[in-house]
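Below you'll find the structure, written out as structure tokens, and then a few comments.
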Amino acid sequence: MVARRVLVASGPNLDRLGTREPEVYGTRTLDDVHRGVADAARERGVEAVCRQSNHEGDLVGWIGRAKDDGFVGIVLNAGAYTHTSIAIFDAIKASGVPTVEVHLSNPDAREAFRRRSRIAPACVGRVAGFGAASYVLGLYGLLSSLDESR
Ligand code: DQA
């Protein structure tokens with residue numbers, strides 16, 4: 001049987017994890033985060049395809065084409081675009097597959113401008129504040145909502 005594929009997409013500045021504001025984001029690199037979520041997916045018979053871009057258009061393209069590219073759902077850390085991007089909101093709506101919003105930090109406990117998520121209304125749920133585990137928990141939430149809708 002072919003494994004179900006999930007897209008794990010990370011946005012701007014997340015390529016700097018490990019050295020970027022370690023007091024906020026910890027010292028694990030994005031590769032570490034990807035390895036953790038890919039292992040968790042494999043244990044559940046799912047393939048996680050992990051990508052990162054600093055460019056909004058890349059994220060819009062990946063998300064919008066997700067179903068056509070064979071993904072059953074998306075785990076998305078849109079970084080700062082979370083708070084600004086109607087284009088990513090629209091792409092999530094257009095993708096035809098469920099998206100879970102994830103964050104390493106807890107944006108609600110930080111600056112006021114992080115308290116608004118532009119993408120949240122297009123997502124099935126959100127996990128924030130648990131570091132790399134947010135990605136794994138987001139994956140579990142996604143798989144559980146996919147199983148419920150079968
Ligand atoms: C973030 C939170 C965002 O507010 C911020 O702009 C990021 C990272 C997180 O994972 O905690 O780049 O998405």
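Whatever order the structure lists ligands and atoms in, that order sets their numbers, starting from 1. In this chain, residues are counted from 1 in sequence order.
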How are the rings of F113 and H83 set to each other: parallel, tilted or perpendicular (split at 30° and 60°)? perpendicular

Sort and list the pairs that fulfil salt bridge (charged side-chain N to carboxylate O under 4.0 Å, His left out) and have at least one residue in residues 75-97, not counting sequence neighbours. none

I'd like to check the salt bridge (Lys or Arg N to Asp or Glu O under 4.0 Å) partners of R110; sequence neighbours left out, ordered by chain and number. none

State whether R4 and D147 are salt-bridged, where the test is any N-O pair (Lys NZ or Arg NE/NH1/NH2 against Asp/Glu carboxylate O) under 4.0 Å. yes

Go through the side-chain N and O atoms of D32 and T29 and say whether any donor and acceptor fall under 3.5 Å apart. yes

For ligand 1, list all ligand N or O to protein N or O distances below 3.5 Å, rounded to 0.1 Å.
unit_1	atom_1	unit_2	atom_2	d
ligand 1	4 (O)	H83	NE2	2.7
ligand 1	4 (O)	R114	NH1	2.9
ligand 1	6 (O)	A80	N	3.2
ligand 1	6 (O)	R114	NH1	3.0
ligand 1	10 (O)	N77	ND2	2.9
ligand 1	10 (O)	L104	N	2.8
ligand 1	11 (O)	L104	N	3.3
ligand 1	11 (O)	S105	N	2.9
ligand 1	11 (O)	S105	OG	2.6
ligand 1	12 (O)	R20	NH1	3.2
ligand 1	12 (O)	R20	NH2	3.0
ligand 1	13 (O)	N77	OD1	2.8
ligand 1	13 (O)	H103	ND1	2.8

Sequence neighbours excluded, the answer for side chain to side chain donor-acceptor pair (under 3.5 Å) partners of D15 is N54

